**Q** 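The structure follows.
For clarity, every value in this text was computed on a predicted model and none was experimentally measured. Numbers restart at 1 for each chain; the letters A, B, ... are given by sequence-line order, proteins then strands.
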Number of protein chains: 2
Amino acid sequence: MREHVTPERRRGTVRDLRRDNRSVLLWSLYFDQPCTRQELSRATGLSPASVSNVVRELIEEGVVAEAGAVDSDGGRPRVLLRMNSDYGYVIGVDVGETRVRVELFDLAMNERARADFPLDPREHGVTTIVERILEGLSAVLSDADVDASSVLGVGIGVPGVVEQGDEVLVHGQTYGWEGVPLERLLRAGTDLPLHIDNGANTMGRAEMWFGAGQGAQHAVVCLIGSGVGASIIAHGRTHRGSTSSAGEWGHTTIVVGGRGCRCGSAGCLEAYVGAEAVLDRYGRIPGQDEESALAALLDAATRGQEEAAHVLDETALYLGVGLADLINLFNPERIILGGWAGLLLGERLLPAIRDAARRNSLKHAFSETSIELGRLGPEAVALGAATLPIELFLNGAPLSVTDRHRSAG
Amino acid sequence: MREHVTPERRRGTVRDLRRDNRSVLLWSLYFDQPCTRQELSRATGLSPASVSNVVRELIEEGVVAEAGAVDSDGGRPRVLLRMNSDYGYVIGVDVGETRVRVELFDLAMNERARADFPLDPREHGVTTIVERILEGLSAVLSDADVDASSVLGVGIGVPGVVEQGDEVLVHGQTYGWEGVPLERLLRAGTDLPLHIDNGANTMGRAEMWFGAGQGAQHAVVCLIGSGVGASIIAHGRTHRGSTSSAGEWGHTTIVVGGRGCRCGSAGCLEAYVGAEAVLDRYGRIPGQDEESALAALLDAATRGQEEAAHVLDETALYLGVGLADLINLFNPERIILGGWAGLLLGERLLPAIRDAARRNSLKHAFSETSIELGRLGPEAVALGAATLPIELFLNGAPLSVTDRHRSAG
DNA sequence: AGGGCTTAATTAATGACGTGATTTAACCTC
DNA sequence: GAGGTTAAATCACGTCATTAATTAAGCCCT
């Protein structure tokens, strides 16, 4: 009925209380920089005295720094506080279908270095990927002149289902991966704390933290690329389900007995609105580059070509139906359309999609949902992955590696 | 990003810590009665000393009582603890399509009194319902000889969407209710704390607390009656979404351009697997009693009547598809089939339903989900509603009415 | 029967924490 | 530069959970 009480991370002692308060303070400051102690007090509900105490601690640790003061009109000026963005760094990795990208950010999520490795489409072997990632890690560290000991963690977004557990396993349909122990394999080449998650989820995180999802508590971020996925956010947190494979929106059935899908089933949403499926329904020659083919399709429709327009109209309908299902089931306050194909299609079809969603969902829920395009582009997978260690840090996780950093530095 | 810090109910002071620990202890004891202080200490992670202290407090308040001891083998015997089931009472109300039922329970959820009011199918006026509920409240109180001041609260399960907010509004499609301020209307006739929720949700709660959902963290309880609904449980808590209309599984589209649905859309799940729809597809004469008609259909299929068997086969397929969607999206560890029609159909079709769900969902997620029948029957709506005030109580809610009870009693 | 043993529960001592009240700091205006 | 004003730090206090020590309440064996 209740989440099991984890013995390692109890909340029940006075010390846990402090950790929680510290965490609340950090979250508040992180998303509202710079701000004053007073504002923090109001925002968190903690007394000014406690804010003072905790902030002093944070400043001593170097996590927070003072940053000037606001002008006063007759009293002691309020001191502005900000995160010390050089306190630590995080790395985000985007393991995509066509490349591996590694980016290093500071605490404020400014990009400090990047490494890109194009992938041969036929070369999705685990060993290759692992090599590229490790190569990327050391590349960004040396490029940004950052010591590994000051890296809070590495977030990795991969395509496919990520089974969290004692041993993190990746089931990548697209890659032909089945139960790949990615963490263990990487562990051989690095000591950095690793956080592996589905790419749709990491991208969703990016939109929630810095993009179209800001401020929303309940949202769904839909990823439409060659295939279709989604990240479900409930109460501000990614819903992973019992074995962290939630969000497989693309294989939701919208037409019983419909078009065959690469998952083996039929009538899946992905068999209608994924880029591959859209192009397929249009009758293009397979093998061509999908991105330019879809652009060409959109172009043809704009020029009045009837069949193209028809395919797009249908796509808007199917997509709208898919969104309507999400609205009915989750009642999110926001739905965000992302992924390269989603953005391309959405730009043109958003009104039609909205209308289809309206027609296929219940009035009350629909009226409380806004459907918007993502604001960060497909690049956001790595950014979102990098927020994984940031989240742990803000929650006051015991800093394993950073510990060393502190005592060593 | 984070749930907003509610100023009224802060968690940040040492006192809140005690309230939380007390709550953790109560939950543990409630679902594992009777048990000893030691067991509580192990289960909650609190030190034996703290358990002792809090338990002493609870015993002084009369919430908890000692109940004998376990035999020892050479030491002081452990004292057994249990909730004092007469400390307070709760009332559950089931506002159904054919009747209003009011039940009074003690803290341990033993039924102490019940009142039933059949409803004329044409008489779903708000005034009538309100009258019946109020009548039921005083009836069960006097029948069980319980004073209103010792009632912790009243949970009410209604058909239709319940919009929680400053003013609770009920949108009942079936009743033709639109934005009915049920709480305010009842408030005129009673001072008891009221908790209004969708009947599917309250029934889901009952299964989670006492039925087939016990122990699950992520589950979906599917309600199939004349129509179709669901209650989504994530992390052990009902997912309500941003305006508490989540769980409208019945109006999820499974066939784009399919059968018309009473919601105005087409191809909804409800248009295929709700009792009304199943009977419709079978071609029965409308107006007949649904429960017996469905029983007759099942009977006919058993006797080998081909058309009946065909309709049922199709139903299993559609239902399986609907379940597969839930599995793909939520990755629950358990799916529970309830509602009078769900139980009737499930009894016969469960293997076929499971198979259809398997064929239409992703392997990994399906393999981790069990699909079971509800264990409590359709009677559970009131029981689940009554758990609403229980939950608040276990969470250590400030007892508004009970306050009076304490100081007066 | 009663001493010794074993285990449960309570109590005492300690340290950590948040809060409100008080004091100090920092700046403005006249 | 004095008086006023607001921010931040400090202090005194009460609360809490924890560990360690103590007391309670049974066994078992002679």
**Q** Provide, to the nearest angstrom, the distance between the CZ atom belonging to R78(A) and the P atom belonging to dA8(D).
**A** 8 Å
**Q** Between E57(A) and R18(A) (salt bridge meaning N to carboxylate O under 4.0 Å), is one present in this structure?
**A** yes
**Q** For H195(B), which residues count as a ring pair (Phe, Tyr, Trp, His ring centres under 6.0 Å) partner, sequence neighbours excluded?
**A** none
**Q** Which nucleotide in the set dA17(D), dA8(C), dA16(C) lies at the smallest distance from any side-chain heavy atom of R18(B)?
**A** dA17(D)
**Q** Give the angle between the helix axes at the two ends of the helix from dA1(C)-dT30(D) to dC30(C)-dG1(D), taking five base pairs at each end and rounding to 10°.
**A** 10°
**Q** R37(A) or N53(B): which one's nearest nucleotide on DNA chain D is closer to the 5' end?
**A** R37(A)
**Q** Please tell me if S52(B) has a side-chain N or O lying less than 4.0 Å from either OP1 or OP2 of dA9(C).
**A** no
**Q** Distance check needed: dA8(D) C1' versus E39(A) CD, whole Å only.
**A** 15 Å
**Q** T238(A) side chain to I233(A) main-chain N or O, any donor-acceptor pair under 3.5 Å?
**A** no
**Q** Counting heavy atoms from C-beta on, name the nucleotide in dA9(C), dA8(D), dT19(C) closest to the side chain of T13(B).
**A** dT19(C)
**Q** Could you check how far CZ of R22(A) sits from P of dA16(C), rounded to whole Å?
**A** 16 Å
**Q** Base contacts versus sugar-phosphate-only contacts with protein, heavy atoms under 4.0 Å: please encode nucleotides 22-30 of chain D as B, S and - from 5' to 3'.
**A** --BBBS---
**Q** Sequence neighbours left out, what passes side chain to side chain donor-acceptor pair (under 3.5 Å) with S244(B)? Give chain and number order.
**A** none
**Q** Working to the nearest 0.5 angstrom, can you tell me the gap between I390(A) CD1 and L26(A) CG?
**A** 10.5 Å
**Q** Which residue, A49(A) or V14(A), contacts DNA chain C at a nucleotide closer to its 5' end, judged by nearest heavy atom?
**A** V14(A)
**Q** Whole angstrom is fine here: how far is it from CZ in R19(B) over to P in dG18(C)?
**A** 15 Å
**Q** R15(A) has an atom CZ; how far is it from atom P of dT19(D), in whole Å?
**A** 11 Å
**Q** CG of L46(B) versus P of dT19(D): gap in Å, rounded?
**A** 11 Å
**Q** Among the candidates dG18(C), dA17(D), dA9(C), find the nucleotide nearest to the side-chain atoms of L17(A).
**A** dG18(C)
**Q** Between P on dT15(D) and CG on N21(B), what's the gap in Å once rounded to a whole number?
**A** 17 Å
**Q** Check whether any side-chain heavy atom of H239(B) sits under 4.5 Å from a side-chain heavy atom of H218(A), and report yes or no.
**A** yes
**Q** I need the single residue from Y89(A), Y30(A), Y87(A) that forms a ring pair (Phe, Tyr, Trp, His ring centres under 6.0 Å) with F393(A). Which is it?
**A** Y87(A)
**Q** Enumerate the residue pairs fulfilling salt bridge (charged side-chain N to carboxylate O under 4.0 Å, His left out) with a member in residues 76-85 of chain B, sequence neighbours excluded, ordered by first and then second residue.
**A** none
**Q** Hey, which sits more toward the 5' end of DNA chain C by its nearest nucleotide, V79(B) or P48(A)?
**A** V79(B)
**Q** Once you apply a heavy-atom cut-off of 4.0 Å, does V51(A) come out as touching a base, just sugar-phosphate, or nothing?
**A** nothing
**Q** Please state how far atom CZ in R56(A) lies from atom C1' in dC11(D), giving the value in whole angstrom units.
**A** 13 Å
**Q** Side chain of E183(B), backbone of E167(B): donor and acceptor closer than 3.5 Å?
**A** no
**Q** Starting at the 5' end of DNA chain D and moving along, which residue's nearest nucleotide shows up first, T36(A) or S50(B)?
**A** T36(A)
**Q** By side chain to side chain donor-acceptor pair (under 3.5 Å), which residues pair with R375(B), not counting sequence neighbours?
**A** none
